[in-house]
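This one's a predicted model, so the numbers in the text were calculated from it and none came from an experiment. Note that the numbering runs from 1 along the sequence shown for the chain.
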Amino acid sequence: MVKKLSPEWWSGLRPDQVGKETEKLVKAFFDEMNQQQGFAYHRMPDAKAARGLISAQPGDYLYAYREGQDKWSGFVEAKATKHAFRLPKDKVSQLPVLKKFDMAGSENVVLVHHYMEQVWRAVPTSEMETGVPSWDLSPFPMYSTAAEALRSTGWFGS
């Protein structure tokens with residue numbers, strides 16, 4: 001019997017299932033954070049699932065967090081990739097929109113789940129170049145959970 005969330009389990013899933021399972025792991029962290037008075041999140045509607053009836057959204061989740069006098073808000077785009085350290089450009093087609101939100105003061109992050117390696121990386125969109133075929137994420141630290149990766153940004157508490 002294959003253990004859930006093991007590399008063998010992930011390799012048996014279709015790409016759309018991999019994405020849904022990754023988003024469930026992110027949602028679990030947000031549900032935990034949502035118990036704090038200073039945190040709120042919203043799952044953005046999925047344009048692909050709506051079959052084009054709604055326009056593409058800047059990210060999967062909108063979040064706002066306040067800790068003392070510090071405040072952060074922005075978008076989280078959750079991505080799953082089989083590759084150990086690269087993320088193809090077509091996985092983050094909304095990067096130009098996220099960059100615009102960066103310029104307006106939003107704290108946006110692409111949360112990458114390297115599911116075969118069982119690691120996560122949090123990549124601030126401000127650090128992602130546009131116009132490249134893929135991103136080498138090896139300079140970004142790896143974490144064992146979505147929560148650890150998101151907290152590493154400093155925007156989700158410690």
Side-chain angles (χ1 to χ4, degrees), residues 1-35 39-64 74-102 106-153 155-156:
M1 181 141 200
V2 176
K3 184 178 177 186
K4 187 172 181 174
L5 303 180
S6 70
E8 297 81 17
W9 182 81
W10 286 105
S11 66
L13 298 178
R14 294 186 320 268
D16 63 313
Q17 292 173 312
V18 169
K20 286 179 184 172
E21 292 294 331
T22 292
E23 287 177 6
K24 282 182 191 176
L25 295 170
V26 177
K27 184 181 181 307
F29 170 66
F30 284 151
D31 286 343
E32 177 187 320
M33 289 286 294
N34 208 36
Q35 296 184 29
F39 183 82
Y41 81 96
H42 174 71
R43 173 66 168 104
M44 303 297 287
D46 190 318
K48 192 174 186 179
R51 298 189 174 129
L53 295 175
I54 60 171
S55 60
Q57 302 297 307
D60 291 317
Y61 299 93
L62 173 65
Y63 77 92
F75 292 100
V76 174
E77 177 64 17
K79 292 297 174 192
T81 184
K82 195 177 224 179
H83 200 280
F85 62 89
R86 291 205 83 81
L87 182 66
K89 172 182 149 178
D90 64 339
K91 292 247 186 197
V92 192
S93 60
Q94 72 273 49
L95 184 60
V97 174
L98 288 167
K99 291 268 194 195
K100 187 173 181 180
F101 276 95
D102 287 340
S106 185
E107 306 287 359
N108 307 304
V109 65
V110 176
L111 180 63
V112 184
H113 184 206
H114 300 276
Y115 58 91
M116 295 304 286
E117 306 296 317
Q118 299 186 335
V119 297
W120 297 78
R121 287 185 169 96
V123 184
T125 56
S126 61
E127 296 187 34
M128 296 178 78
E129 291 181 51
T130 55
V132 297
S134 67
W135 294 277
D136 176 0
L137 304 182
S138 57
F140 294 92
M142 296 178 291
Y143 299 92
S144 59
T145 67
E148 289 173 2
L150 286 171
R151 283 194 173 111
S152 75
T153 64
W155 306 330
F156 297 90

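Take R43 and apply the side chain to side chain contact (heavy atoms under 4.5 Å, CB included) test, not counting sequence neighbours, and it matches E23, D46, D60, Y61. With sequence neighbours left out, F101 forms a ring-ring contact (aromatic ring centres under 6.0 Å, His included) with F75. By the salt bridge (charged side-chain N to carboxylate O under 4.0 Å, His left out) test, K99 pairs with no residue at all, sequence neighbours left out. Residues meeting the ring-ring contact (aromatic ring centres under 6.0 Å, His included) test with W10, sequence neighbours left out: H113, Y115. In this structure S106 satisfies the side chain to side chain donor-acceptor pair (under 3.5 Å) test together with N108, sequence neighbours excluded. Qualifying side chain to side chain donor-acceptor pair (under 3.5 Å) partners for K24, counting only residues two or more places apart in sequence or in other chains: E21. In this view, T153 and V109, A122, W155, F156 satisfy the side chain to side chain contact (heavy atoms under 4.5 Å, CB included) rule, not counting sequence neighbours. When the side chain to side chain contact (heavy atoms under 4.5 Å, CB included) test is applied to T145, the partners found at least two apart in sequence or on another chain are A147, E148. Residues passing the side chain to side chain donor-acceptor pair (under 3.5 Å) test with Y41, sequence neighbours excluded: D31. Residues passing the side chain to side chain contact (heavy atoms under 4.5 Å, CB included) test with S138, sequence neighbours excluded: F85, D136.
The two residues P124 and F140 make their nearest non-hydrogen contact at CD-CE2, 4.2 Å. Of all heavy-atom pairs spanning Q118 and P7, the tightest one is NE2-CD, 3.0 Å. For L98 against P58, the heavy-atom pair with the smallest separation is CD2-O, 3.2 Å. Of all heavy-atom pairs spanning S11 and M116, the tightest one is CB-CE, 4.0 Å.
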(request) Give the C-alpha distance, both sets of side-chain angles, the deciding distance and a yes or no for side-chain contact (heavy atoms from CB on, under 4.5 Å) between V110 and M128. (result) CA-CA 9 Å; V110 176; M128 296 178 78; 3.7 Å; yes
(request) With side-chain contact (heavy atoms from CB on, under 4.5 Å) as the test, would you mind laying out the steps for L150 and F30 before giving the verdict? (result) CA-CA 10 Å; L150 286 171; F30 284 151; 4.2 Å; yes
(request) Could you go through the side-chain contact (heavy atoms from CB on, under 4.5 Å) check for W120 and S144 one step at a time? (result) CA-CA 6 Å; W120 297 78; S144 59; over 6 Å; no
(message) Let's go through D102 and S126 carefully: what are the C-alpha distance in whole Å and the side-chain angles of both, what is the deciding distance for side-chain hydrogen bond (donor to acceptor under 3.5 Å, both in side chains) to 0.1 Å, and is it a yes or a no?
(response) CA-CA 6 Å; D102 287 340; S126 61; 4.9 Å; no
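In this structure, the side chains of E32 and F39 stay at 4.5 Å or more apart for every pair of heavy atoms. Side-chain contact between L137 and H114: present, with at least one pair of heavy atoms (C-beta onward) separated by less than 4.5 Å.
For M44, the CE atom is densely surrounded, since the number of other residues' heavy atoms within 6.0 Å is greater than 12.
Evaluation of the salt bridge (Lys or Arg N to Asp or Glu O under 4.0 Å) test over residues 8-18, restricted to residues two or more places apart or in two chains, returns R14-D16. Identified under the salt bridge (Lys or Arg N to Asp or Glu O under 4.0 Å) test for residues 74-88, with sequence neighbours left out: E77-K79.
T125 contributes atom OG1, which lies 9.0 Å from atom CD of E127 (distance to the nearest 0.5 angstrom). Atom CG of N34 and atom OH of Y63 lie 14.5 Å apart (nearest 0.5 Å). Here the CG-CG distance, from L25 to L111, works out to 9.5 Å after rounding to the nearest 0.5 Å. A distance of 10.5 Å separates CZ in R121 from CG in L87, rounded to the nearest 0.5 Å.
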